[in-house]
Amino acid sequence: MNPDDISHFHKILEGKMREVNRNTKVPKFVRRIELVHKRSIMYYQQQQSHPFLKIVVALPTMVSGCRGILDKGIQIDGLGMRSFMTYESNVLFALRFMIDCNVVGGNWIEVPAGKYKKTSKSLSNCQLEFDCLYSELISHAAEGEFSKMAPFRILSFDIECAGRKGHFPEPTHDPVIQVANLVTLQGEDQPFVRNIMTLNSCSPIVGVDVMSFDTEREVLIAWKEFIREVDPDIIIGYNICKFDLPYLIERAATLGISEFPVLGRIRNSRVRIKDATFSSRQYGTRESKEVTVEGRVQFDLLQVMQRDYKLSSYSLNSVSAHFLSEQKEDVHHSIISDLQNGNAETRRRLAVYCLKDAYLPQRLLDKLMLIYNYVEMARVTGVPLSFLLARGQSIKVLSQLLRKAKEKNLVIPNVKQAGSEQGKYEGATVLEPKAGFYEKPIATLDFASLYPSIMMAYNLCYCTLVTPEDVRKLNLPPECINKTPSGETFVKSNLQKGILPEILEELLTARKRAKADLKEAKDPFEKAVLDGRQLALKISANSVYGFTGATVAQLPCLEISSSVTSYGRQMIEHTKKLVEDKFTILGGYEHNAEVIYGDTDSVMVQFGVPTVEAAMKLGREAAECISGTFIKPIKLEFEKVYYPYLLISKKRYAGLFWTNPDKFDKMDTKGIETVRRDNCLLVKNLVTECLHKILIDRDVPGAVQFVKNTISDLLMNRMDLSLLVITKGLTKTGDDYEVKAAHVELAERMRKRDAATAPNVGDRVPYVIIKGAKGAKAFEKSEDPIYVLENNIPIDPQYYLENQISKPLLRIFEPILKNASKELLQGSHTRSISISTPSTGGIMKFAKKQLTCIGCKTLLSNSDRTLCSNCKGREAELYCKSVSQVSELEQLFGRLWTQCQECQGSLHQDVLCTSRDCPIFYRRKKAQKDMAGAKTQLDRWSF
DNA sequence: ACTCGGTCCTAT
DNA sequence: TAAGATAGGACCGAGT
């Protein structure tokens, strides 16, 4: 193309753009077209560069339209209809800008003196506002002084709404009655603003600025003004993205407060709300709302928890209990209106509750060092902070790739998405386990960062991959190429160094440095930064491989990912063989070593030696000797010894974990019930306790006895309901399920009872299995634990015995105990079935309740009211028993009540909490029911 | 009684 | 429009 051709091309493109954007008033769509010399990142190419056209359009939003036109093809004189491959045309503008200016998320930027001037007309609510040419910005790498964290101003807030009875609050009906705010400077441990805005009067709260208003309108406007004044950089809260923020905005719209939704830093720019769903294999499907508040990062702690931690419940209550050992009362939304409609005292009560909901997210943010970890992740990967919660994993790798490519004068093509079916490739090898209970130490050898080191060792990259056609054509000398076990060809680094290996090298070197600096660091803030950094670097290195295999992503390259796994498979097999060939009696060792298991990057070896120390010595020797057989930087490391070791099956085992020969570090369990979220606590606790007794105490009879006691407790109905709650994630919307499952059916039933509080996609559903008709399926017998408690519905202990605890126990005990099944699941303890509370539904409604003898529970004839003829004469004794039963239960209930009062922070007010996640709540409710029952019994004596 | 596919969650 | 990967065990419902 000569300059005339380009100008011609420019004209045609401009015309097409005008057709597509008919309504846009812009003098010129295509601002300029330059001829540049670049190379595509795809495939090894001998030629250094080719001419490319760089097209500059007037507005960021026009890029995709322009891409569409070029994809479809345009008519060019003399060439006919031509379509064009576009490169980097789908890069989000913010990211494009940052990459071009060499700016990463969370870094420091200097605007040099004399290079900026005050704006003539203020466009923002920012504290400083000026004009500066983008190319004058100086971006500072996060080192030395510039690795420090900015003193972000963080607002944590929570709102309360007055819902109507039996309905979840809706912004079109229900008023916002309170808004609690805390403002904290990053790095300080106390908020410098603590206030609450209430509708109607509210009694004073120590240390809190209480602002009461007569109308809801005033509350909302006060909050809006507060935001402008405080000017927070980061807005946090719990579920603010899906609930609090959209609620405030929609409520203001309902009330016609047109000035409300100006919450960002751009003057007069209104906040917009969009429904959003996020869906990925890793994070699951989740519905949310996209609210744009310019210049302020929304950092929803709920999203953080769901992404970073695998928990069985994500309620603020449960999360706070888990991380802060601090409970929070869970007040049902229907009670909130009653508190609001009371007096200044009850509203104060509500305000305290609301403030706590604003306070806990800030505590979580501090405790988990989230600002440090997220800012470091943004710095390492280069994406803006907001992407880390709003986007997936792949944008982070892409950002690094784009930056590196720019440095190397490479461009990244927009490839069409391949079908999902052909996108399958073979993964890692899991060695066939020799299941059993091992009472000799098992040494574990691990490859360090296996996949990254494979990519580095064999120079696997987009730009080193040789197409099959080029393999034939180019005739590359064998010493310059690697043929991978999966049959692909990549050139070695002397011909072309891969940029993926280069990125990985930098990440891993940076991590080593961060870890070394961390050791030296004294200042706790500096430590937090460095620890966050090394974590971010590790995660980033590990996700590069996944990015290449992600078929529904920007730049899948299965040649790379399948080569990585194929080398991995070869290596684990090689390692197993080497260990078993070298460590033999013939080879001069005392025993023949045996690889009993291995998964992806590890092998478990029984060297046959009796002591941990000896196993460690051999493990180290093996690691060193085998590492030598691999190309750098692939390294096999000796990490730990398991002793004893219980190997159940692939991906399922337990053992004591030793890193030094004097004392074991911990009990380690993988894959079994103890680490899974979809088992009830009863199973988890039982299995953990048994493993503890077997592995640590070496007390198998003790474990057996414990099982027997537990089963007996279960069948006698002495089990706390909170131990029987099973939770499972709701991964798709109701209609998309193809088979009936307990948690899905329950969610559907709950939706019919109260649509607003029923679980949504992405939520976890807690349930228990209740008694049902004979042969009823589990999905027919699942029920909401709270509903069970409130309606006194009997649970099904047999289900828990047969479907929950028996198989996991047998899997553990069978390798250890002869006749495990007989020992554990048959015998007197399984026959002690109690008469459980009869169902209140169905046929039992019509049955006349007949009294039983207080002494021996036999049915009474109509003439007797308290005791049967046999028990008559024991009145004094049995009456005393009734009295003491009542008093015991009263005491128990009192203790639990006080505990709940302490939790809610007030000892002279009613307890309102109904938390599904709190064991105390279940016990308190049960004690209340039992107490009522015992009182009824006692009353019968008055005849 | 058995198999098979759907679902969930974990290991690496 | 955007969404890291595959291997694998356990359970359950549904069909044979």
Side-chain angles (χ1 to χ4, degrees), chain A residues 64 90 92 274 276-286 290 310 312 387 390-398 417 420 423-433 435 444 446-447 449-451 539-558 560-562 564-566 568-569 572 597-603 648-653 668-679 683 726-732 736-745 764-765 769 775-782 799 802-804 806-808 810-811:
Chain A
S64 71
N90 59 348
L92 285 122
K274 225 170 69 185
T277 56
F278 184 94
S279 175
S280 83
R281 276 257 305 264
Q282 191 178 28
Y283 297 132
T285 303
R286 228 154 246 141
E290 205 181 289
K310 301 219 167 268
S312 27
F387 280 27
R391 308 287 303 272
Q393 291 283 3
S394 65
I395 192 73
K396 297 191 271 185
V397 181
L398 186 67
Q417 281 186 17
S420 55
K424 285 274 176 208
Y425 64 94
E426 195 182 339
T429 299
V430 183
L431 298 177
E432 204 51 55
T444 309
D446 278 66
F447 287 103
S449 302
L450 178 68
Y451 287 177
I539 296 171
S540 301
N542 283 336
S543 45
V544 171
Y545 150 76
F547 178 85
T548 65
T551 45
V552 280
Q554 284 91 343
L555 202 61
C557 184
L558 298 191
I560 297 175
S561 30
S562 61
V564 170
T565 55
S566 69
R569 292 193 296 273
I572 192 173
Y597 179 57
D599 185 346
T600 312
D601 62 352
S602 65
V603 288
I648 295 167
S649 64
K650 285 182 174 178
K651 301 193 189 281
R652 259 143 241 253
Y653 59 81
D668 197 22
T669 55
K670 300 282 181 187
I672 56 184
E673 289 72 19
T674 51
V675 295
R676 293 181 63 90
R677 295 181 289 175
D678 54 356
N679 285 100
V683 175
I726 302 167
T727 73
K728 280 200 167 113
L730 203 57
T731 56
K732 37 189 149 181
D736 294 344
Y737 279 98
E738 298 192 33
V739 290
K740 291 179 167 167
H743 64 300
V744 182
E745 292 294 299
R764 296 189 63 79
V765 186
I769 298 294
K777 304 282 189 203
F779 70 80
E780 297 167 311
K781 303 199 291 178
S782 56
Y799 175 88
E802 285 162 20
N803 300 54
Q804 290 283 312
S806 73
K807 283 187 188 158
L810 288 181
R811 282 193 289 269

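What you see is a predicted model, and the numbers here were worked out from it, not measured in a lab. In what follows, chains carry the letters A, B, and so on, assigned in the order in which the sequence lines appear, proteins first and then strands, with residues in each chain numbered from 1.
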**Report entry** Distance below 4.0 Å between A:K651 side-chain N/O and C:dA10 OP1 or OP2
**Finding:**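 Checking C:dA10 against A:K651, no side-chain N or O comes under 4.0 Å of OP1 or OP2.
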Query raised in the report: Hey, is the side chain of A:Y737 poking within less than 4.0 Å of OP1 or OP2 on B:dC8, counting only N and O atoms?
Result: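 For A:Y737, the contact criterion (side-chain N or O under 4.0 Å from OP1 or OP2 of B:dC8) is met.
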In whole angstrom, what separates [X]'s [atom1] from [N]'s [atom2]?
X      : N      : atom1 : atom2 : value
A:N803 : C:dA10 : CG    : C1'   : 12 Å
A:H743 : B:dT7  : NE2   : P     : 9 Å
A:E780 : C:dC12 : CD    : C1'   : 13 Å
A:I648 : B:dT10 : CD1   : P     : 16 Å
A:Q554 : C:dA3  : CD    : P     : 6 Å
A:F278 : C:dA3  : CZ    : P     : 6 Å
A:R677 : B:dC8  : CZ    : P     : 12 Å
A:I672 : B:dC9  : CD1   : P     : 18 Å

Tell me what [X] touches on the nucleic acid: a base, only sugar-phosphate, or nothing, going by heavy atoms under 4.0 Å.
X      : value
A:S602 : nothing
A:R811 : sugar-phosphate
A:K396 : nothing

What nucleotide among [options] has an atom nearest to a side-chain atom of [X]?
X      : options               : answer
A:D599 : B:dT12, C:dA5, B:dT7  : B:dT12
A:V675 : C:dA5, B:dT7, B:dA11  : B:dA11
A:K650 : C:dC11, C:dG9, C:dA3  : C:dG9
A:R652 : C:dA10, C:dG4, C:dC11 : C:dA10
A:E738 : B:dG6, C:dG13, C:dC11 : B:dG6
A:V430 : B:dT12, C:dA3, C:dG8  : C:dG8

Requested in this report: Please determine, by modelled atom types, if A:S602 and A:Y597 share a side-chain donor-acceptor pair under 3.5 angstrom.
Outcome: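 There is no such pair between these side chains.
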Query raised in the report: When you check the side-chain N and O atoms of A:T674 and A:T669, is any donor under 3.5 Å from an acceptor?
Result: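 Per modelled atom types, A:T674 and A:T669 side chains form a pair under 3.5 Å.
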Query - Neighbour count above 12 (heavy atom, 6.0 Å) for A:K740 NZ - result: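 For A:K740, atom NZ is not crowded (no more than 12 foreign heavy atoms under 6.0 Å).
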Query raised in the report: With a 3.5 Å cut-off and just heavy-atom distances, do the side chain of A:Q282 and the base of C:dG4 make a donor-acceptor pair?
Result: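 Yes, the side chain and the base share a sub-3.5 Å donor-acceptor pair.
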Query raised in the report: Under 6.0 Å from the six-membered ring centre of A:F387 and within 45° of its axis: does the NZ or CZ of A:K396 meet both?
Result: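 Checked: cation-pi criterion not met.
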Polar atom pairs (N or O), protein with nucleotides 14-16 of chain C, under 3.5 Å:
none

Query raised in the report: Does A:S543 or A:A742 map to a spot on DNA chain C nearer the 5' end, using the closest nucleotide for each?
Result: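 Final value for this comparison: A:S543.
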